[in-house]
Amino acid sequence: MNDLYRSVVIAGDRGMLAHALRSTLSARNIACAGFDRDDCDITQIDAVRAWFDRNRPSLVLNCAAYTNVDGCEANADLARSVNGTGVGNLARACQEAGAMLVHYSTDYVFDGNARQPLRPSDPTGPQSVYGESKLLGEQLMQQHPPNRWLILRTAWLYGPNGPNFPSTMVNLARQGKPLKVIHDQIGSPTFTFDLAEATMNLIDADADGIWHLSNSGQTSWYDFTKAILAEFSLQTDLAPITSADWKALKPTSAVRPAYSVFDISPYERLTKKKMPAWQDALHRYRLMVEAAGTP
């Protein structure tokens, strides 16, 4: 077994992605520990160093983040502290401890104006506080790089054990609520369990640097919603709406990228593994949540 797996730690271990990572590690017979903000405040470097001194991690998977995109607009200092400073603190502690750091970033670091799949080398240009704070985390991590590190940008993430877009649509449809969903934002939904598996594949392939990971294929939020309703055998009134109309309805909401499809071919070439199509991932998500008795 890779010596990096000697002491695996998940930062932000109560969330949706952490749940998938724990399950994926367990399937590989790899033990892991974890901490959340109650155990260690990543925005405080002394707290992070003290936690590292006690636990001696060899690999840190950072799922800790302030992910309320609209909330970030109203709480910019908190967003920059958690998504920016906190990541820099983890990087410094990993550098000092000789541990590898895997950090998860987002499509929101881009301006959304591209019209072909985005590569890690493409220029960034966040249009929201959330995107700015996540880009700051990437920059601080690279200013204090551990001996080995990965920044994994992903998009439209969903999965069990946390609030997510499919569960919201399913719950609203079951209540008979009409849905208005944006049709002019294009991206690739990403299932947490597929992202977790891809993470392990990159680690095992000795990858480092910045990578783009999502399920394959592309869709709009509106068409994704149609697929969700069909997958869960639900019907309700569903109407498309433009980003501009949504912004008029929700003037304090963050600006989302109009286009954030990723070029995942470098991952597939290196690992010789295909990322599953988003439609297949949605099907497996339904089977998983129905088996667990959750929406």
Side-chain angles (χ1 to χ4, degrees), residues 16 67-73 106-118 125-128 130-131 153-160 162-195 212-264 275-290 294-295:
M16 187 172 65
T67 58
N68 183 333
V69 175
D70 291 334
C72 286
E73 295 295 305
T106 174
D107 57 318
Y108 283 67
V109 302
F110 294 104
D111 61 16
N113 293 327
R115 283 297 174 267
Q116 59 186 15
L118 290 156
Q127 301 296 298
S128 65
Y130 174 67
R153 293 178 181 147
T154 192
W156 297 27
L157 193 65
Y158 71 95
N164 63 80
F165 185 79
S167 69
T168 298
M169 296 300 102
V170 167
N171 286 330
L172 290 173
R174 285 175 174 164
Q175 296 169 38
K177 300 287 182 66
L179 303 174
K180 290 185 177 180
V181 182
I182 293 172
H183 73 86
D184 57 356
Q185 293 175 13
I186 306 299
S188 302
T190 308
F191 184 33
T192 50
F193 277 74
D194 290 339
L195 178 58
H212 286 177
L213 291 174
S214 69
N215 282 112
S216 64
Q218 65 183 55
T219 188
S220 68
W221 287 112
Y222 175 75
D223 287 331
F224 187 31
T225 303
K226 286 203 296 186
I228 292 165
L229 296 179
E231 181 64 46
F232 282 82
S233 300
L234 295 170
Q235 290 186 339
T236 195
D237 289 337
L238 172 63
I241 188 172
T242 67
S243 300
D245 287 342
W246 182 262
K247 186 69 173 174
L249 289 172
K250 306 278 188 179
T252 62
S253 63
V255 175
R256 269 77 170 172
Y259 179 91
S260 55
V261 178
F262 282 155
D263 180 1
I264 57 174
M275 287 298 291
W278 68 263
Q279 297 93 331
D280 171 74
L282 177 62
H283 177 66
R284 286 181 286 116
Y285 167 76
R286 178 183 64 80
L287 295 178
M288 188 176 291
V289 297
E290 288 184 348
T294 56

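Since the model is a prediction, treat every value here as computed from it, not as a measurement. Nothing fancy with the numbering, it's 1 onward along the sequence.
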Residues two or more places apart in sequence or in another chain: which of them pass side-chain hydrogen bond (donor to acceptor under 3.5 Å, both in side chains) with Asp107?
Ser260
Going by side-chain hydrogen bond (donor to acceptor under 3.5 Å, both in side chains), name the pairs with one or both residues in residues 245-255, residues two or more places apart or in two chains.
Thr242-Asp245
Going by side chain to side chain contact (heavy atoms under 4.5 Å, CB included), name the residues that satisfy it together with Gln175, two or more places apart in sequence or in a different chain.
Asn171, Lys177
With salt bridge (charged side-chain N to carboxylate O under 4.0 Å, His left out) as the rule and sequence neighbours excluded, what pairs involving residues 212-226 come up?
Asp223-Lys226
Measuring from Arg284:CZ to Phe193:CZ, what's the distance to the nearest 0.5 Å?
10.0 Å
What residues form a ring pair (Phe, Tyr, Trp, His ring centres under 6.0 Å) with Tyr130, not counting sequence neighbours?
Tyr108
Those residues at least two apart in sequence (or on a different chain) that pass side chain to side chain contact (heavy atoms under 4.5 Å, CB included) with Ala114 are Leu118, Tyr259
Which residues satisfy the side-chain hydrogen bond (donor to acceptor under 3.5 Å, both in side chains) test with Gln185, sequence neighbours excluded?
Trp221, Ser243
Listed partners of Gln279 passing side chain to side chain contact (heavy atoms under 4.5 Å, CB included), at least two apart
Ala277
Answer yes or no: is there a donor N or O on one side and an acceptor on the other, between the side chain of Thr154 and the main chain of Leu213, under 3.5 Å?
yes
Inter-residue atom distance Leu157.CG - Met16.CE, 0.5 Å rounding
4.0 Å
Does Asp184 pair with Arg256 as a salt bridge, N-O distance under 4.0 Å?
no
Under the ring pair (Phe, Tyr, Trp, His ring centres under 6.0 Å) test, residues paired with Phe262 that sit two or more places apart:
His212
Could I get the full list of ring pair (Phe, Tyr, Trp, His ring centres under 6.0 Å) partners for Tyr222, not counting sequence neighbours?
none
Suppose we screen for side-chain hydrogen bond (donor to acceptor under 3.5 Å, both in side chains). Which residues come up paired with Ser188, at least two apart in sequence or across chains?
none
Taking side-chain hydrogen bond (donor to acceptor under 3.5 Å, both in side chains) as the definition, give me every residue that meets it alongside His183, ordered by chain and number, with sequence neighbours left out.
none
